[in-house]
K.L.:
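Handing you this structure, nothing more for now.
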Amino acid sequence: MNSEKHEADVIVVGGGHAGIEAALSCARLGLEVFLFTINLDTIGYMPCNPAVGGLAKGQLVKELDALGGEMGKAVDATGIQFKTLNTSRGVAVQSSRAQVDKKKYNLYMKHIVEKQDKLCVKQAKVVDILVEGNKAIGVKTKEQGEFLSKMVIITPGTFLNGLIHIGLNNFPGGRIGEEASNELSDRLRKLGFELGRFKTGTCARLDANTINFDILKKQKGDQKINPFSLSTSELNRKQIFCYITYTNPETHQIIMDNLDKSPLYTGVIIGKGVRYCPSIEDKVVKFPDRERHHVFLEPEGEDTIEIYPNGISTSLPIDVQEKMISTIRGLENARIMRPGYGIEHDFVQPTQLNATLETKLIKNMFFAGQINGTTGYEEAAVQGFVAGINACHKIFNKQPFIMNRTQSYIGVLIDDLITKGVDEPYRMFTSRAEYRLLLREDNVDLRLRKLGYDIGLVSKEEIYKLEEKIKKIKELKARLRKTIVIPNKVNKKLKELNIGILKKNVTAEKLLKRPDINYKDLLEILGSNIENFSDSVTKQVEIQVKYQGYINRQEKEIEKFYKFERIKIPKSLDYSKISGISREIVEKLDKIKPKSLGQALRITGITPASISILSAVINKRYQKQK
């Protein structure tokens with residue numbers, strides 16, 4: 001793209017995780033894209049802990065990868081420790097997490113973005129959104145003037161009116177060392193958007209040379225690495241150690257003695273913080289009976305001595321941070337290299353968005369990431385991807401790309417945001433997904449790979465691989481159903497494995513259903529490999545066989561979900577004229593403007609009685625018109 005041009009198909013504002021996925025998806029689908037960032041050196045930067053994935057977040061990243069996103073590949077390329085969480089529990093709640101090399105991840109993403117055809121990266125601060133009528137037509141930058149486009153995607157992270165707090169001192173900033181974007185926040189207000197205020201924060205960074213690791217417990221990665229990307233066949237690399245330590249009553253007393261210097265507890269910070277990732281001040285105040293809290297010491301990379309002490313995020317003054325940290329086992333002489341800090345930022349209430357992440361107020365403008373009230377790199381990345389695909393589809397006059405709650409965690413995330421809104425920073429959990437048994441990490445390719453191909457971001461070669469896997473799954477399941485297991489031929493082996501013996505013939509499939517037998521055991525019991533199937537095939541077959549009853553039950557629940565989703569609510573429906581629905585519920589329906597009866601049912605505070613009335617009205621007034 002000619003660097004002198006001031007016009008593109010899509011403009012993306014922000015070079016964080018949302019902006020990267022938005023810009024890449026648009027460019028890879030053939031559109032010309034401008035990506036604006038305040039600092040080229042911080043594309044893909046991780047201001048908090050250098051880790052990707054975790055409970056439910058691992059599912060988000062793997063779903064993004066299956067659809068053709070970049071984050072999973074970046075993790076595999078720069079990861080320094082990989083773990084699968086919740087392995088002692090059911091497959092529905094197991095998730096991948098990786099510690100990544102912070103600098104290498106940043107450089108990887110910078111390189112990917114810079115080499116992408118049709119994507120032009122510009123270091124400039126966007127200070128205004130150009131609007132004509134009720135349509136966004138471009139942006140204005142502080143340094144280079146105006147740029148026009150067909151679509152605008154806003155992904156500013158914590159930069160919207162960002163305010164950094166260290167003790168009672170505060171100063172504007174999107175991240176420490178980077179200026180905030182106050183002009184953009186003001187512009188959104190003037191355009192009529194409802195904004196709120198949230199708070200997040202980070203830990204101090206410690207000098208590894210001043211930490212006594214010898215007395216601390218090591219946290220090792222998995223012996224066999226489970227890659228994040230479907231395009232990564234396997235990963236064999238040396239993994240670094242993390243370490244665990246704990247706070248103690250002395251630590252807690254120092255914090256309590258200095259709450260008068262905490263912006264959190266003196267009213268200086270007004271934004272609501274992350275409930276599920278609280279500061280150490282919050283932990284100590286809200287859980288006074290707890291004698292200790294975990295502190296995970298996580299290296300920020302292979303070529304740095306910086307350590308991230310996960311678990312003690314704080315906005316206390318630096319001298320208090322030093323005293324507090326010195327009371328923790330192994331950190332008695334630890335030196336702070338960078339202080340911890342809190343940051344407040346504006347967000348836009350996401351009920352003002354459609355499921356495409358296009359704003360209801362201004363057409364051709366999309367929001368993604370923390371501007372929508374979320375927290376976390378993973379939540380931001382998937383939103384950026386969805387916004388990017390929908391911007392493309394709008395230009396190409398294609399159907400909107402909308403994922404629902406039955407398809408993916410991405411669908412759950414976006415539906416929660418646009419239907420329920422947020423009153424605290426939103427973080428994804430497996431408990432938010434009612435169909436989580438079907439939305440597992442292990443089956444993302446079966447669920448979403450074909451959809452990624454249909455979008456245009458997954459190659460035919462990947463689909464051939466998927467089709468071959470599906471074929472092998474069917475072959476193995478058929479083989480297990482046909483294989484008869486005879487008691488007198490296997491009972492001796494069952495006893496050796498301390499497994500209950502058989503009293504009558506069963507199929508190999510039925511034997512595998514038993515909770516005390518896995519696929520490896522089954523091969524040993526049968527004394528045959530059956531055939532040489534890959535680990536991914538045998539794992540999928542074992543899960544499907546063992547959980548078939550539960551899977552069938554969830555599929556029936558999904559049928560009920562679609563029953564309500566299929567009942568569309570006409571745009572012309574005037575809720576205020578429906579008798580029997582309270583004024584409060586009418587206001588909520590008018591604000592959200594649900595597209596279906598199912599979405600209306602998920603709005604917080606909407607009663608089943610109101611849904612029944614609404615359903616009757618729709619059937620009576622509108623079904624006859626069809």
Side-chain angles (χ1 to χ4, degrees), residues 63 66-67 350-358 360 382 386-387 389-390 393-394 397-421 432-440 443-444 446-452 454-455 550-582 585-626:
E63 288 178 351
L67 292 167
T351 51
Q352 298 166 96
L353 302 174
N354 294 306
T356 59
L357 297 184
E358 183 180 19
K360 296 174 181 176
V382 299
V386 170
I389 298 303
N390 278 303
H393 280 201
K394 194 163 188 187
N397 291 316
K398 295 176 71 174
Q399 287 293 316
F401 173 65
I402 296 174
M403 305 183 80
N404 66 45
R405 304 181 73 88
T406 71
Q407 290 177 293
S408 63
Y409 274 80
I410 297 174
V412 172
L413 166 67
I414 293 175
D415 186 64
D416 279 351
L417 293 176
I418 68 168
T419 303
K420 299 177 180 179
R432 295 189 190 272
E434 57 268 54
Y435 309 114
R436 56 187 169 274
L437 183 56
L438 301 179
L439 307 181
R440 308 183 307 273
N443 68 358
V444 287
L446 305 181
R447 289 190 281 123
L448 301 175
R449 203 59 162 163
K450 180 63 166 56
L451 183 54
D454 292 340
I455 291 170
Y550 297 103
I551 290 171
N552 291 342
R553 190 182 305 168
Q554 287 219 330
E555 287 175 344
K556 288 180 181 178
E557 292 171 358
I558 286 174
E559 290 176 14
K560 294 179 182 177
F561 171 88
Y562 279 112
K563 177 183 176 182
F564 287 101
E565 288 300 303
R566 281 191 287 266
I567 303 175
K568 301 302 179 183
I569 299 177
K571 292 181 179 179
S572 60
L573 185 60
D574 187 345
Y575 299 110
S576 65
K577 293 182 179 179
I578 301 175
S579 60
I581 297 182
S582 70
I585 289 177
V586 167
E587 288 175 356
K588 288 185 176 182
L589 291 168
D590 276 331
K591 182 178 181 180
I592 306 297
K593 293 181 173 56
K595 299 289 192 299
S596 68
L597 202 62
Q599 187 183 3
L601 185 61
R602 296 189 296 276
I603 297 173
T604 303
I606 302 296
T607 63
S610 300
I611 293 297
S612 296
I613 295 170
L614 192 55
S615 177
V617 169
I618 293 171
N619 284 326
K620 183 178 179 181
R621 297 186 187 179
Y622 296 95
Q623 292 302 313
K624 292 179 181 180
Q625 299 175 14
K626 293 186 177 181

K.L.:
Quick check: do Leu448 and Ser408 have side-chain heavy atoms less than 4.5 Å from each other?
P.N.:
yes
K.L.:
Using every non-hydrogen atom in the two residues, find where Ser596 and Phe564 come nearest and quote the distance to one decimal.
P.N.:
CB-O, 4.1 Å
K.L.:
Look up atom CZ in Arg440 and atom CD1 in Ile551, then write down how far apart they are to the nearest 0.5 Å.
P.N.:
5.5 Å
K.L.:
Taking C-beta and beyond as the side chain, do Val586 and Ile578 meet within less than 4.5 Å on heavy atoms?
P.N.:
no
K.L.:
If I take atom CD1 from residue Ile410 and atom CD1 from residue Ile414, how far apart are they, to the nearest 0.5 angstrom?
P.N.:
7.0 Å
K.L.:
Side-chain contact, heavy-atom cut-off 4.5 Å: Ile603 with Lys420?
P.N.:
no
K.L.:
If we ignore angles and hydrogens, is there a donor and acceptor under 3.5 Å between the side chains of Thr356 and Asn354?
P.N.:
no
K.L.:
Does some side-chain heavy atom of Leu597 sit less than 4.5 Å from a side-chain heavy atom of Ile618?
P.N.:
yes
K.L.:
Let me confirm one number: the CZ-CG distance from Arg449 to Asp454, rounded to the nearest 0.5 Å.
P.N.:
12.5 Å
K.L.:
List the residues meeting side-chain hydrogen bond (donor to acceptor under 3.5 Å, both in side chains) with Asn552, not counting sequence neighbours, and say none if there are none.
P.N.:
Gln548
K.L.:
Kindly indicate, with the supporting measurements, whether the criterion side chain to side chain contact (heavy atoms under 4.5 Å, CB included) is fulfilled by Val382 and Val386.
P.N.:
CA-CA 6 Å; Val382 299; Val386 170; 5.5 Å; no
K.L.:
Are Arg405 and Glu434 side-chain neighbours, meaning at least one heavy-atom pair lies under 4.5 Å?
P.N.:
yes
K.L.:
Has the side chain of Lys588 got a donor or acceptor atom that lies under 3.5 Å from a matching backbone atom of Lys593?
P.N.:
no
K.L.:
Between CZ of Arg566 and CZ of Phe561, what distance do you get to the nearest 0.5 Å?
P.N.:
10.5 Å
K.L.:
Does Glu63 reach the main-chain N or O of Leu439 with its side chain, forming a donor-acceptor pair under 3.5 Å?
P.N.:
no
K.L.:
Out of curiosity, Ile389 CD1 to Ile402 CD1, how far, rounded to the nearest 0.5 Å?
P.N.:
13.5 Å
K.L.:
Who are the side-chain hydrogen bond (donor to acceptor under 3.5 Å, both in side chains) partners of Glu587, not counting sequence neighbours?
P.N.:
none
K.L.:
How would you list, by chain and number, every residue that makes a salt bridge (Lys or Arg N to Asp or Glu O under 4.0 Å) with Lys398, sequence neighbours excluded?
P.N.:
none
K.L.:
Side chain to side chain contact (heavy atoms under 4.5 Å, CB included) between Glu555 and Leu438: does it pass, once the steps are laid out?
P.N.:
CA-CA 8 Å; Glu555 287 175 344; Leu438 301 179; 4.2 Å; yes
K.L.:
Do Tyr562 and Thr406 have side-chain heavy atoms sitting under 4.5 Å apart?
P.N.:
yes
K.L.:
Evaluate side chain to side chain contact (heavy atoms under 4.5 Å, CB included) for Glu358 paired with Lys394, printing each intermediate quantity in order.
P.N.:
CA-CA 10 Å; Glu358 183 180 19; Lys394 194 163 188 187; 2.5 Å; yes
K.L.:
Sequence neighbours left out, what passes side chain to side chain contact (heavy atoms under 4.5 Å, CB included) with Ile585? Give chain and number order.
P.N.:
Ile581, Ser582, Leu589, Ile606, Thr607, Ser610
K.L.:
Restricting to non-hydrogen atoms, name the atom on Ala433 and the atom on Arg436 that form the minimum distance, rounded to 0.1 Å.
P.N.:
O-NH1, 2.9 Å
K.L.:
Say you draw a straight line from CG of Asp416 to CZ of Arg432; how long is it, rounded to the nearest 0.5 Å?
P.N.:
6.0 Å
K.L.:
In the structure I gave you, are the side-chain heavy atoms of Leu67 and Val444 within less than 4.5 Å of one another anywhere?
P.N.:
no
K.L.:
The criterion is salt bridge (Lys or Arg N to Asp or Glu O under 4.0 Å); which residues satisfy it with Lys563, sequence neighbours excluded?
P.N.:
none
K.L.:
I'd like to check the side chain to side chain contact (heavy atoms under 4.5 Å, CB included) partners of Arg553; sequence neighbours left out, ordered by chain and number.
P.N.:
Tyr550, Glu557
K.L.:
Using 4.0 Å as the upper bound for N to carboxylate O, is an ion pair formed by Glu565 and Arg602?
P.N.:
yes
K.L.:
Please check if the side chain of Asn390 supplies one atom and the backbone of Phe401 the other of a donor-acceptor pair under 3.5 Å.
P.N.:
yes
K.L.:
Minimum heavy-atom separation for Pro594 and Ala600, please, with both atom names.
P.N.:
CB-N, 3.7 Å
K.L.:
Gln599 and side chain to side chain donor-acceptor pair (under 3.5 Å): which partner among Asp415, Thr419, Asn404?
P.N.:
Thr419
K.L.:
Could you tell me which non-hydrogen atom of Gly421 sits nearest to which non-hydrogen atom of Pro350, and how far apart they are?
P.N.:
CA-CG, 4.2 Å
